[in-house]
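Naming: A, B, ... by sequence-line order, numbering from 1 per chain.
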Number of protein chains: 2
Amino acid sequence: MAARETDPKERLLDEAEALFAENGYHAVSVREITAAAGCNLAAINYHFGNKRNLYLEVFRTRWLARARVIQERVYETLQNKKEITPPALIRALAEAFLFGPMSEKDRLRHVQLMQREVIQPTEAFEMVMDEVMKPFLGALGERIRPYLPAGTDQERLMLNALSIISLILYFNFGRESVKRITGRAYDQAFREELIRHIVRFTTTGLGLGAGENAS
Amino acid sequence: MAARETDPKERLLDEAEALFAENGYHAVSVREITAAAGCNLAAINYHFGNKRNLYLEVFRTRWLARARVIQERVYETLQNKKEITPPALIRALAEAFLFGPMSEKDRLRHVQLMQREVIQPTEAFEMVMDEVMKPFLGALGERIRPYLPAGTDQERLMLNALSIISLILYFNFGRESVKRITGRAYDQAFREELIRHIVRFTTTGLGLGAGENAS
DNA sequence: GAACGTTTGATACGAATGTTTGTATCAAAC
DNA sequence: GTTTGATACAAACATTCGTATCAAACGTTC
């Protein structure tokens with residue numbers, strides 16, 4: 001069984017994801033991708049049919065898989081707690097995105113790729129929404145529902161969940177903006193400050209008092 | 001003085017902005033732009049030198065101007081109040097983005113264009129940061145500082161300001177996501193609900209109790 | 001009405017684009 | 001030993017890209 005390093009098809013997916021995330025679909029040529037993957041120009045057509053299909057395959061085989069890893073990481077962090085409070089949940093979420101099990105570059109790629117779809121949805125957007133965002137936001141909502149006022153309806157719940165996610169995402173993909181405004185680099189210390197801020201802001205935003213009672 | 005409708009140079013800027021916002025820089029050709037503007041292919045070269053310069057000129061003459069209109073709108077809304085509380089400020093801000101003096105399409109374009117720069121900064125990003133974001137976030141911070149604990153440092157202030165902005169922006173450019181999750185269309189009623197949510201979430205997020213004491 | 005800056009029209013160019021083709025390679029199956 | 005099927009390759013495909021050129025037509029201003 002060929003490893004990911006040696007299989008040209010796998011290399012193509014990896015390099016394509018990196019380039020698509022960094023420069024966007026149209027700014028990347030199939031020649032760039034095949035050159036980066038160290039294989040022939042025709043390989044994309046052979047393995048994926050065309051460029052567009054390669055892009056979608058990146059989402060199917062790479063992006064979705066990574067999203068599941070992130071989610072597992074969140075649940076892993078939480079599973080040995082008796083009670084999962086919103087601050088603990090949000091912290092686990094923010095940590096998964098700002099630290100997490102993958103490399104820094106992988107995490108950045110992941111968010112960049114999705115953010116491009118959010119701005120300009122294509123076929124991949126459906127995939128991301130149906131397979132990841134909807135169930136994830138649903139689960140997130142159900143976890144925090146017990147801590148909200150009794151009569152909170154589903155729509156209000158989703159707006160709260162979306163707000164939490166938007167903050168976490170913004171402090172990821174908007175790094176350049178955040179760096180300019182705060183004058184800080186995204187080192188370990190700053191990331192931890194960011195997480196503290198996100199947890200505090202969103203927890204109190206939910207109307208739950210400034211509790212950071214979980215590490 | 002030729003109106004915007006008749007002047008080819010102005011039409012080029014308008015159509016270019018619309019196309020760049022919707023499809024991104026690389027996905028738009030100069031032929032598309034000149035065709036949409038109803039003028040000759042050579043016009044771009046004559047007026048702007050090249051495509052890249054046209055893009056930057058869109059930011060210089062259109063985007064920045066619009067950003068100033070939005071800011072003025074915010075201050076206009078606030079000027080006849082004796083005390084500008086954070087909820088009133090945030091509401092004015094959110095309203096300017098979700099309703100505002102321009103057309104729905106113009107507002108969408110504005111945020112889309114900026115969002116693309118946030119994800120993948122180019123020369124225009126510097127412009128946006130230096131001329132709009134930095135001073136605006138600074139002013140926003142100073143307005144809410146009196147309501148925060150006395151010892152709040154500048155960095156914490158900026159993180160709070162960024163969080164407010166991120167929420168407002170997300171509920172704009174992330175329309176497709178929000179629509180999918182909530183099942184609501186972006187009609188008048190939903191927009192007003194969104195504003196109420198943003199004001200409440202961010203106001204309490206700042207640690208100011210759930211005050212919505214300003215219309 | 002002459003001069004000027006502007007706009008159009010048609011055309012050309014080299015470079016880059018996504019895609020296709022025909023052939024070579026090589027291990028597995030027969 | 002031959003056939004098969006999957007993979008890889010260089011070369012070429014037609015198209016589109018951004019840019020450039022240049023003469024003719026336009027509208028405005030001296």
Undergrad: Just N and O in the side chain of A:Ser29: are any of them under 4.0 Å from OP1 or OP2 of C:dA16?
TA: no
Undergrad: Let me know the distance between CZ of A:Arg52 and P of C:dG18, rounded to the nearest Å.
TA: 12 Å
Undergrad: With nearest nucleotide decided by heavy atoms, which residue, A:Gly49 or A:Glu32, maps closer to the 5′ end of DNA chain C?
TA: A:Glu32
Undergrad: Compare the minimum distances between each of D:dT19, C:dA10, C:dT7 and the side chain of B:Arg31, then state the nucleotide with the smallest one.
TA: D:dT19
Undergrad: Relative to each other, are the rings of B:Tyr170 and B:Phe173 parallel, tilted or perpendicular (30° and 60° limits)?
TA: perpendicular
Undergrad: Would you mind telling me which of D:dT21, D:dA11, D:dT19 lies closest to the side-chain atoms of B:Ala42?
TA: D:dT21
Undergrad: Report the base-pairing partner of C:dA28 (Watson-Crick or G-U wobble, both distances below 3.5 angstrom), or none.
TA: D:dT3
Undergrad: Regarding B:Glu95 and B:Arg91, does a basic nitrogen lie under 4.0 Å from an acidic carboxylate oxygen?
TA: yes
Undergrad: Between atom CG in B:Asn45 and atom P in D:dA20, what is the gap in whole Å?
TA: 5 Å
Undergrad: Between A:His26 and C:dG18, is there a contact of a side-chain N or O with OP1 or OP2 at under 4.0 Å?
TA: no
Undergrad: Look at the aromatic rings of B:His110 and B:Trp63 and report parallel, tilted or perpendicular, splitting at 30° and 60°.
TA: parallel
Undergrad: Does A:Asn40 make a side-chain N or O approach to OP1 or OP2 of D:dA10 shorter than 4.0 Å?
TA: yes
Undergrad: Return the pairing partner of C:dT19 with a 3.5 Å limit on both distances, Watson-Crick or G-U wobble; otherwise return none.
TA: D:dA12
